[in-house]
Every structure is written in structure tokens, then in C-alpha cells.
There are 2 protein chains.
Amino acid sequence: MNSATQYLNITEPFSFRRGGSIPELTLAYETWGSLDANKSNAVMILTGISPSAHATSSAQDPSEGWWEPMVGSGRPIDTDRNFVVCINSLGSCKGSTGPDSTNPATGKPYRLEFPEVTIWDIARAAQLVLDHLGITQLRMMVGPSMGGMSGLAWLHQFPHGARHFLGISSSANAEPFSIAIRSLQREAIVSDPDWQNGNYSPERWPRTGMRLARKLGMITYRSAREWRERFGRLPQDRYEPTTFGMNFAVESYLENAAAKFVSNYDPCTYVYLSRAMDWFDATEGHADLTDALSHIALESACLIGVDSDILFPVHQQRDLADAFHANGVRSNLVTLPSDQGHDAFLVDYDRFRPAVAGYFAQVLDGET
Amino acid sequence: MNSATQYLNITEPFSFRRGGSIPELTLAYETWGSLDANKSNAVMILTGISPSAHATSSAQDPSEGWWEPMVGSGRPIDTDRNFVVCINSLGSCKGSTGPDSTNPATGKPYRLEFPEVTIWDIARAAQLVLDHLGITQLRMMVGPSMGGMSGLAWLHQFPHGARHFLGISSSANAEPFSIAIRSLQREAIVSDPDWQNGNYSPERWPRTGMRLARKLGMITYRSAREWRERFGRLPQDRYEPTTFGMNFAVESYLENAAAKFVSNYDPCTYVYLSRAMDWFDATEGHADLTDALSHIALESACLIGVDSDILFPVHQQRDLADAFHANGVRSNLVTLPSDQGHDAFLVDYDRFRPAVAGYFAQVLDGET
């Protein structure tokens, strides 16, 4: 664990939306910058499925964060002007309590005994950190990918909780294409004989399922356009040939990406959070998205999407911007022409830096 | 086997492009209509990865063919005016010799002992059927999907073999996105413990791998756009709930499609032909595609693509049309705005019927 990560231990039961509860809960989070006197400069980042709370480096923990170029002194999410809090999602395996955490009742990992996690639960747990920090209203809620869903679920439950919302490559719910992809990723994992109904061990790890799931993930995180330029039909020379093994550079790229992931992410956590994204629907119980967002008291919202993103297509960001606008929230849609698909917010900083910095500048200008 | 299917048995060895040979060879094919006196009205159809030679019904075999609305009396590929031959690809499992055929040396299926199949081999084997039928020049070579690749490989080897070429949702080679998808499908199959290095049996069949491969196939055969309209976020009610099982209609649709496929297609054949598509490159050994097609003596070419096809994107059809045009072949690109992706030629007949009929009308008009 990184030295800058803080842990909030809640010793009361936490009840989940779809039923079940856990007797206690730890939430891992990290902060940068200083909260100003009237606690008005807080920015919360909720993350995608994989990242930890370590969004960026600091003196305490100089290791590179998952959003290093975006968060820090003088960077788009400027820690000189904002008190930034990044929270590892409830249900994750990077410090917060999740299926891979020890079940105090048994002394073993929860695994499938962990209650079904929803995006709504992740959002409610994030609020516990804000309560602990004494923050009653954020300057901005920032959510890329699954984090944008968590951000919407949080705004829905805490409609006065933020003045501004930045949603990145996210959506109000998943479309059938994205559901199909994630369903297949989960099926690959739980069909692996080494899954053993969640009772896998380091010695018998569902490596095949995780590898397939990650490769399918990579295919949908990037874009055909990027790969056409980057790999074309170049042969691969990284791995030994095997029967029906790899021939092309794009195949060894996927193999390499999968190899890094397989052992570094808990399979049970993956299927839990993947399913949570499919289930989430911000419009649930409402006539439409405009109605669903009508009680949210934001001053402004900015939705950034990438035109090559097939997992959270840009029209889903447009739907959100339109719905906020229809509710009188000053809202903007920024469409970035990046070739790097859903992953662009993690790699195409030349496009993302000015887009995020621009929105922060607009928000801070409005406060003076 | 259907009663209308004919079998050409070649009792001489057939050598494969990447090495190896088989001592004898059967090619399954079916014909409709009559060859005219000067044998000038022949149309050959080469198929995608799955279909048999039974493209359409006839008096002899009234069962529905895989391209029923497209081929027949008064249909776009009109069997009153054309002598239509459809050939089951070499390496397939629908009557022609392939990895699932009996190896005469062992009396058991070839499986991994079958030589590596390439698209070039499929094309050369198709010519054996034309030789047998005494056809020296086709009116038209028709190839959808993999069949279009086979058609190009055939034209490359028999450059005076056809006066016209109709390529549908196909390409001169595979892009890295399509390679990645097919690579993952193959990996799912050969990673299944029941694959047993090709020694699977009806009792131990790589069902999980085949199911995953087919579902991934379906995801890339259709389009996000179609599924958004067709399924949205509708729940599924076809299957019993299981842990990490299906929740949404799109998931039960995939499950149902996969269930039909798993037992009806030979796993070894699937990985062989899938790999053949990745390997194929019509530009191999040439400066570019224009150079690669320069010796092909067509009068005209028509390339039909679908704007929602992610597996054989429409710009690949444009590249072919441009390359034929650059070589002085009258060529046309037809882009169909179908939501049904790569599968549109098998389902969106309202769009495909007039496109194919239009090209045939143009060709037949030019002959009078």
C-alpha cells in the first residue's frame, strides 16, 4: 500500500441496495492540496473499474499515479487551487472493502459471499469519506468511465453535494453493445475451471478467463482506427510461435497487456464491478433522463467524450449534457477527435489536458 | 447431407500453400439453373466461414438455403438467367475436405494433422470444381465476407477466370481490430480444457470456448446501433438466473445464438478458417493493392459494404473499388446504410436485394 493512502474505517454495518450488508467497511482514499477555510474548494474523483485512490504522486508518495499528468500543481486538476480527494470504489480490490477483503465472520475472503455491489452503493460509500473530511459541498465532482456513473449516482443521492460536475467518457447507463462485451468478459472468467465458483487461489487462478476478459477489454478500450495506424499487419516477434498462437503485432500487444493485468486484479472484484456497470441506470424510476436529473442542484456540468469510444459512445455524453441543460444547468459537451477510444482520458493527454483545464478555468472564473 | 449437394472427388494429392498435402480431396458444391451453350452464364459463389454449398432451395432439395432470398428464379442472383455454382470451402466441415474429415492414413479425423489452410488454397480448390464443370470463364464471381477474400485469391490465380466480380462486406486483408477479435475467438477455443489439443470428442467438446467465440462473433457481426433499437436495456426472461448469469435481453439473444452454433460447427475447422482470414493479404508480394490487382482481367467490379460493419469496414471495400478502378476496371462502390453490420448481407435483404439485382442488371445489359 502507498504511504499517502488513507483508510477510513467504518465500524457500523453497511447495507447494500440489492440486499445484504457487511458489518464493517474500509474506504481507501488519498488527498492532495489544502481545503480552504470555508471548505469550498474540494474536488472528488471517483474512478473507473481498475484504478486505486493514488491518482497522482506527492511528496509522501512519489510513485506515479494513474492520472499523473492530469492532477497536481499547475496541472488541469490543479492541487494548488483545489483540495482533491480520490476514492477507491467500494467493492474494489485496491484498499477499500470488496469481495477480495477478509470476511470478519470467517477470516477468509468474502468472494461470492460479498453482497451484490451497485454503482449506487459505491456512491453512498464515497459520501462517507466526504462526511469524515467535513466537506458538505464539492466544487466539482469528477468521474471518468465507471467513475462518471458513480458520480451521477452520487449526485442523485446528494443533489446539493456539488456545484459542478465533470463527466468523462461515461454514461447514464450501459447500452446493449457494452453490456454484451462485459457479459462476455464475466462469462470468460466464471467459465474458467480455475474460477471454482469464486474459490480460486494463487495456485489455481482463473488466468485463462482473466486473460480473455482483459484482451476483450483492450479491444473495446482502444479503437480500430488507432490500431490500423499503430500495428497495421505488422508481424509479432515477442512470443514463441504456438499452435493457433500469435502471428501479428496486435496479438502480442494484447498478450502483453493481459499478462500485466491477470495477476494484478482480483477476478471476483472484476466480475462484481463489471456487473454493477451493466445494472446501473440513472433513469431508473424516472420518465426519462431529464426527469432523473431534475432534482440535482448543479451550477454547471461538462461532459467530455471521445468520438472513437465504442464502450461509452459520445452520444451518451450528449444525452447527459442535453438532460442537464433541459434542467437549467449550464452544460457543455466536448467531443474529442482522439483515436484512442475509451482509454483516451488515460493516454491522450494532449487532447484531455486542455479540455479539463478549460472547464476548471471556467468554473474558477465564475467564482471570482 | 442434402440431396442436391454434389461431391467432386479428387484422387490426386492436393498441396497447400504453407506446406503439407493431403492424398485426396472432396469438394461439395451445388448448382442451380442451366449452363448455356457457350458456357458464358456461370456465376460462382464462394462463402463466408460458416455456410454450406446449399445457398438456396430447389426441387431436389426444398430446404431453405443460407442465401435463399438472394438466389433463385426471379431473385437478384437469378437462376433463370445464370448457372449458379456454390462451393463449400476447402477446409470447411460442410461436405468438403477439412480438419474434421477422416484422414485416410489413420481412419480418424485429421484435426491438427490437417495442413494449414489458406484462402489461396480455398480458391485453388474452387477452380477444381469449375474445371470439372468445364467452365473456362465465369460471368461473375460472387464473394461475401471470407468468400470475397477467396474470390480475390481466385482472381489473382486465375486472372481471366471471370468477367465480373461482386465483393460483399469483404476486404483485401484483415485489419488489426478484426485480427484481434478472431485471435481472441481462437484463444477461447484452444484454451478450453476440452479442446485437448484438437482431440475433443462429442462427449468432451470445447463448448465453453465455442460459446465464447460465437458470442464474440455475434458482437462483431451485428452493430451497436441495431442492438440499441432492438434490445435497449430490456431484461431477459428466457433463462434461469445464475451467479453472474444473464440479466438483459441482449445476453439471452447471444446465449441462444451460441447454443445453436456450438454443436453444429467443428471447433478445429473454425480455428483453421478463422486463422486463414487473418493470414490472407491480397497485396502480399506487391507494392500496393493496385499493383496486386493489375493483372486481373475483369470487365467490371462491384463492391458492396455496410456502414455499420466493424469487421470488414466499408473503407476496405472502397480500397478495392479504387484499386480496380486504377487498373481500368469499371468499378463501383455501394455503401448500404444498414444497422445490421457485417451480417446485413444475410438479413437486411431489403437493402441487399436491389444492390445485387442492380449490378446483375448492369452486367446483363452490357452483354446484349
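Hydrogens, waters and symmetry mates play no part in the numbers below; they use all other heavy atoms, side chains included. All chains are named by letter (A, B, ...) in the order of the sequence lines, taking the proteins before the strands, and each is independently numbered beginning at 1.
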> Side chain, backbone, both or neither: which part of B:Val190 has a non-hydrogen atom closer than 4.5 Å to chain A?
Replying inline: side chain

> Looking at A:Arg186, A:Arg228, A:Arg230, which makes the most heavy-atom pairs under 4.5 Å with chain B?
Replying inline: A:Arg228

> Which one of A:Ile189, A:Leu234, A:Ile179 has the most heavy-atom pairs closer than 4.5 Å to chain B?
Replying inline: A:Ile179

>> Counting heavy-atom pairs closer than 4.5 Å to chain B, which one of A:Pro193, A:Gly232, A:Ala188 comes out on top?
In response: A:Gly232

> Heavy-atom distance under 4.5 Å to chain A: side chain of B:Leu212, backbone, both or neither?
Replying inline: both

> What are the two closest non-hydrogen atoms of B:Trp227 and A:Ala180, and how far apart are they?
Replying inline: CZ3-CB, 3.7 Å

> Under a 4.5 Å heavy-atom cutoff, which of A:Glu116, A:Arg222, A:Glu175 has the most pairs with chain B?
Replying inline: A:Glu175

> What residue, out of A:Ile310, A:Ile181, A:Leu112, A:Asp278, has the most heavy-atom pairs lying under 4.5 Å from chain B?
Replying inline: A:Asp278

> If you count heavy-atom pairs under 4.5 Å with chain B, which of A:Ser183, A:Pro313, A:Ser223 comes out on top?
Replying inline: A:Ser183

>> Is B:Asp192 close to chain A through its backbone or its side chain, or both, or neither, when contacts mean heavy atoms under 4.5 Å?
In response: neither

> So which residues of residues 240-252 of chain B are in contact with chain A at a heavy-atom cut-off of under 4.5 Å?
Replying inline: B:Thr243, B:Phe244, B:Asn247, B:Phe248, B:Val250, B:Glu251

> Going by residue number, which parts of residues 213-221 of chain B are within reach of chain A, meaning a heavy-atom gap below 4.5 Å?
Replying inline: B:Lys215, B:Leu216, B:Ile219

> Going from CD on B:Glu187 to CD on A:Glu255, what distance comes out if it is rounded to the nearest 0.5 angstrom?
Replying inline: 6.0 Å

> Which bit of B:Tyr272 is near chain A, if near means a heavy-atom gap under 4.5 Å: side chain, backbone, both or neither?
Replying inline: both

> Looking at B:Thr208, B:Leu254, B:Asn173, B:Asn197, which one has more heavy-atom pairs under 4.5 Å with chain A than the rest?
Replying inline: B:Asn173

